[in-house]
Amino acid sequence: MSIFIIVEGKNDRSRLRRLVTPDITILCTFGTLNTLKLETLHKQVNDQEVYLFMDNDSSGKKIRNMLRDVFPDATHMYTRRGYAGVEGTPDEYLIAQLEKAGLEEFIIYPPTLTY
């Protein structure tokens, strides 16, 4: 079974890619959705496990609502209001959201710094 995380942009994807194993495929909406893009995402994901991780702003909420209709069984992950989207969310918070979603086995934990 494949696991997919759908994010808004390539910077969001790059940010998450550092924290998850290659077993997880990260797809982008590139900020806009139309019928063709929704169909393409649905075909890529098929009936696999999908997670939606959008920014906590008006465009992120709009995209999440559109994707919710296409992927009604998706697990939703959220950034905190005040963070500059997924790409501007601290690693610790991203990891906490991945853990909360049950993806612990796929997380690449950054080495802890000791002083």
Fill in: Residues which pass ring pair (Phe, Tyr, Trp, His ring centres under 6.0 Å) with Y93, listed by chain and number, not counting sequence neighbours
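Per chain and number, Y93 pairs via ring pair (Phe, Tyr, Trp, His ring centres under 6.0 Å) with Y83.
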
In Å and rounded to the nearest 0.5 Å, what is the [atom1] to [atom2] distance from [X] to [Y]?
| X | Y | atom1 | atom2 | answer |
| --- | --- | --- | --- | --- |
| N56 | T79 | CG | OG1 | 4.5 Å |
| N34 | T29 | CG | OG1 | 10.5 Å |
| T21 | I108 | OG1 | CD1 | 6.0 Å |
| L16 | I95 | CG | CD1 | 10.5 Å |

Practice prompt. Quick one: list whatever passes salt bridge (Lys or Arg N to Asp or Glu O under 4.0 Å) with D91, sequence neighbours left out.
Written response: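 By the salt bridge (Lys or Arg N to Asp or Glu O under 4.0 Å) rule, D91 matches R15, R18.
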
Item to complete: Apply the test side-chain contact (heavy atoms from CB on, under 4.5 Å) to residues V20 and I26: give CA-CA distance (whole Å), side-chain angles for both, the deciding distance (0.1 Å), then the verdict.
Response: CA-CA 10 Å; V20 296; I26 303 173; 4.0 Å; yes

Fill in: Side-chain (Q48) to main-chain (S2) donor-acceptor, under 3.5 angstrom
yes

Residues 35-47, side-chain donor-acceptor partners within the protein, below 3.5 Å, at least two apart:
| unit_1 | atom_1 | unit_2 | atom_2 | d |
| --- | --- | --- | --- | --- |
| K37 | NZ | C28 | O | 3.2 |
| T40 | OG1 | L36 | O | 2.9 |

Worksheet item: Knowing that exactly one of I6, V7, I5 qualifies, which makes a side-chain contact (heavy atoms from CB on, under 4.5 Å) with R13?
Response: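 The side-chain contact (heavy atoms from CB on, under 4.5 Å) with R13 is passed solely by V7 among I6, V7, I5.
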
Less than 4.5 Å apart, any side-chain heavy atom of [X] and any of [Y]?
| X | Y | result |
| --- | --- | --- |
| Y51 | L103 | yes |
| T89 | R80 | no |
| V86 | L94 | yes |

Worksheet entry | E104: side-chain hydrogen bond (donor to acceptor under 3.5 Å, both in side chains) partners, not counting sequence neighbours |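 side-chain hydrogen bond (donor to acceptor under 3.5 Å, both in side chains) check on E104 returns nothing, list empty.
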
Fill in: Heavy-atom closest contact (L19 atom, P110 atom, distance)
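Minimum heavy-atom contact is CD2-CD, 4.3 Å.
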
Worksheet item: Can you list every pair that meets salt bridge (charged side-chain N to carboxylate O under 4.0 Å, His left out) and has a residue in residues 53-75, with sequence neighbours left out?
Response: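 Output for this query is empty, none listed.
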
Worksheet, complete the sentence: Here the ring pair (Phe, Tyr, Trp, His ring centres under 6.0 Å) pairs for residues 4-25, sequence neighbours left out, are none

